Amino acid sequence: MASITLKHIQKVYPGGVKVIEDLNLEIQDREFIVLVGPSGCGKSTTLRMIAGLEEVSGGELYIGDRLVNEVVPKERDIAMVFQNYALYPHMTVYKNMAFALKLRKTDKALIDQKVHEAARILDIEHLLNRKPRALSGGQRQRVALGRAMVRDPKVFLLDEPLSNLDAKLRTQMRTEITKLHKRLQTTFVYVTHDQTEAMTMGDRIVVMKEGVIQQVDTPQNLYDAPCNLFVAGFIGSPQMNFMDAQVRLRDGKYVVALGPYELPVSPEKQAALEGYDGKNVTLGIRPEDFHAEGALLADGDCIVEMQVDIAELMGADTYFHGVCAGTQLNVRAPSHIHAPAGSLLRLAVDCKKMHLFDQESQQAILN
């Protein structure tokens, strides 16, 4: 097994195009870490540098204690699962899975044992004699995972492996890959642009933007305490609501003014707002932290009104889209709450869960 260390990693393409300027990251042995971010943020490039498919322009990359900057991919003891599966169309599933072991001149009996064991774990033993064109997307993905598994690599690298699958199959395969990681006890590095995949699969998540790591943390900490406006908006579905607000000092205590409303700040968080009296800030509230009228009010809750534009019934929940204090707002409420378009919906804000961000630096002031 192996840890992965990236020290001051840079990636510069011909013409001086900098994709990654100074990336530092420690991935623990047997950890499931997810690199997430919008298209073009450098997450796949980082993965490909770990694999050796992209040259490192600067810095040091270690797998375990071994510096691998100049080590060719086949000698890094890693296995990569690609977005497009990259299966050989003319070979059967068995031959696809056995191919890398045959190149290593592994004993035939051992190859057969490893292929059948991986196929049994992935429930594809009945597909071993088929060719990829006769398989569904989910089956092809299992074959690609099996081909990686038989090599017993120190590190699994997965580059958006579920993006070609339909929604139901993606959910199923997320579970399968998580179970596979627990079974194999190997280091997994997983790249996705889908924050739901990141939140449900990773031990830790690396949020990237324009080649720079924004925050590395557990899924829950990223959700509860985003370090800046970008992370707050990227993690969570539906997205966090952002509103222009102002910090004010009232009777020796800070409150957050949102249009005609004043949201109280809990006593233990007052110190974080020192020096912000009278300053404009960005207020962040997640859609589920509004409670439709009728819910029991707790200390620190504040009642606001929203003019409903659209109500979307989503089964157990209803998503309300509308305007509050001149700002667009999205609210998630139980499906028994009814508020037709054009109506006023009274909401209790859970002020203990509000987030505040500095408008200039976009860094978190209060979580």
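Here the structure is a predicted model, which is why all the values come from computation and not from measurement. All values below come from the heavy atoms of this structure, side chains included, with hydrogens, waters and symmetry mates left out.
Atom CG in Asn24 sits 10.5 Å away from atom OG1 in Thr5 (nearest 0.5 Å). A distance of 12.0 Å separates CZ in Phe320 from CG in Leu329, rounded to the nearest 0.5 Å. Expressed to the nearest 0.5 Å, how far CG of Leu101 lies from NZ of Lys114 amounts to 6.5 Å. Atoms CE and CG, from Met49 and Leu6 in turn, are 7.0 Å apart once rounded to the nearest 0.5 Å. Interatomic distance, Thr282 OG1 to Asn228 CG, rounded to the nearest 0.5 Å: 11.5 Å. If you take CG on Asn241 and SG on Cys324, they are separated by 9.5 Å, rounding to the nearest 0.5 Å.
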Decide yes or no on side chain to side chain contact (heavy atoms under 4.5 Å, CB included) for Leu128 and Met97, but give the supporting numbers first. CA-CA 9 Å; Leu128 289 175; Met97 291 173 66; 4.1 Å; yes
Derivation of the side chain to side chain contact (heavy atoms under 4.5 Å, CB included) call for Gln10 and Val56: CA-CA 6 Å; Gln10 299 176 348; Val56 175; over 6 Å; no
Can you list the steps and then say if Asp358 with Lys279 is a salt bridge (charged side-chain N to carboxylate O under 4.0 Å, His left out)? CA-CA 9 Å; Asp358 188 287; Lys279 287 190 177 180; 5.9 Å; no
Is there a side chain to side chain contact (heavy atoms under 4.5 Å, CB included) between His116 and Glu125? Walk through the geometry before answering. CA-CA 7 Å; His116 276 92; Glu125 276 188 295; 3.8 Å; yes
Intermediate values then yes/no, salt bridge (charged side-chain N to carboxylate O under 4.0 Å, His left out), Glu262 and Arg248: CA-CA 9 Å; Glu262 289 193 343; Arg248 294 178 187 164; 3.8 Å; yes
Do Val143 and Leu127 pass the side chain to side chain contact (heavy atoms under 4.5 Å, CB included) test, and can you show the C-alpha distance, the side-chain angles, and the key distance before you say yes or no? CA-CA 9 Å; Val143 175; Leu127 305 175; 5.6 Å; no
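Taking 4.0 Å as the cut-off between side-chain N and carboxylate O, Arg346 and Glu305 count as a salt-bridged pair. Checked for salt-bridge contact, Arg174 and Glu197 miss the test: no charged N lies under 4.0 Å from a carboxylate O. Using a 4.0 Å cut-off between charged nitrogen and carboxylate oxygen, Arg48 and Asp159 do not count as a salt-bridge pair. Using a 4.0 Å cut-off between charged nitrogen and carboxylate oxygen, Asp251 and Lys253 do not count as a salt-bridge pair.
Within the 3.5 Å criterion, the main-chain N or O of Gly42 finds a donor-acceptor partner in the side chain of Thr46. Using a distance-only test at 3.5 Å, with no hydrogens or angles considered, a donor-acceptor pair links the side chain of Lys43 to the main chain of Pro38. With hydrogens and angles ignored, the 3.5 Å screen pairs no side-chain donor or acceptor of Thr187 with any backbone N or O of Ser3. The backbone N or O of Met173 sits nowhere less than 3.5 Å from a side-chain atom of Glu176 that would complete a donor-acceptor pair. Counting only distance, with no hydrogens or angles, the side chain of Asn164 and the backbone of Gln83 share a donor-acceptor pair below 3.5 Å. A donor-acceptor pair is defined here as one N or O able to donate and one able to accept, closer than 3.5 Å; no such pair exists between the side chain of Glu21 and the backbone of Lys18. Side chain of His291 to backbone of Leu347: no donor-acceptor contact under 3.5 angstrom is found. Between the side chain of Ser57 and the backbone N or O of Val12 there is at least one donor-acceptor pair closer than 3.5 Å. Panel note: side chain His355, backbone Leu229; no donor-acceptor pair is recorded below 3.5 Å. For the pair Asp289 (side chain) and Asp350 (backbone), a donor-acceptor distance under 3.5 Å is absent.
Looking at every heavy atom in both residues, Val247 comes nearest to Tyr254 through CG1-CD2, 3.6 Å. Of all heavy-atom pairs between Asn367 and Asp224, the closest is CB-O, 3.8 Å.
Ring pair Tyr319/His321 is perpendicular by interplanar angle, where above 60° counts as perpendicular and below 30° as parallel. Aromatic ring pairs are classed by plane angle as parallel below 30°, tilted from 30° to 60° and perpendicular above 60°; the pair Phe188 and Phe32 is tilted.
Put simply, the side chain of Leu356 reaches to within 4.5 Å of the side chain of Val256, judged on heavy atoms. In this structure, the side chains of Ile9 and Lys11 stay at 4.5 Å or more apart for every pair of heavy atoms.
For the pair Lys95 and Phe99, the cation-pi test (distance below 6.0 Å, angle within 45°) is failed.
In the hydrophobic clustering of ILVMFWY residues, with side-chain heavy atoms under 4.5 Å counting as a link, Ile111 and Val150 come out together. Placement of Leu47 and Leu180 in two distinct hydrophobic clusters is found when ILVMFWY residues are connected by side-chain heavy-atom separations under 4.5 Å, directly or transitively. One hydrophobic cluster holds both Ile50 and Val191 under the rule that ILVMFWY side chains link at heavy-atom gaps under 4.5 Å. Val189 and Met149 are assigned to two separate hydrophobic clusters, defined by single-linkage of ILVMFWY side chains at heavy-atom distances under 4.5 Å.
Within 6.0 Å of CD on Glu210 lie no more than 12 heavy atoms contributed by other residues, nucleotides or ligands. Heavy-atom contacts from other residues, nucleotides or ligands closer than 6.0 Å to CD of Glu268 number more than 12. Annotation: Glu70, atom CD; neighbour count of heavy atoms from other residues, nucleotides and ligands within 6.0 Å does not exceed 12. The neighbour count for Glu55 CD, taken as heavy atoms of other residues, nucleotides or ligands under 6.0 Å away, does not exceed 12.
If you check the side chains of Glu60 and Tyr62, you find a donor sitting under 3.5 Å from an acceptor. Side-chain atoms of Gln239 and Asn330 form no donor-acceptor pair, as typed in the model, at a separation below 3.5 Å. A side-chain N or O of Glu160 and one of His193 form a donor-acceptor pair less than 3.5 Å apart. Side-chain N/O atoms of Tyr13 and Glu54 include a donor and acceptor closer than 3.5 Å.
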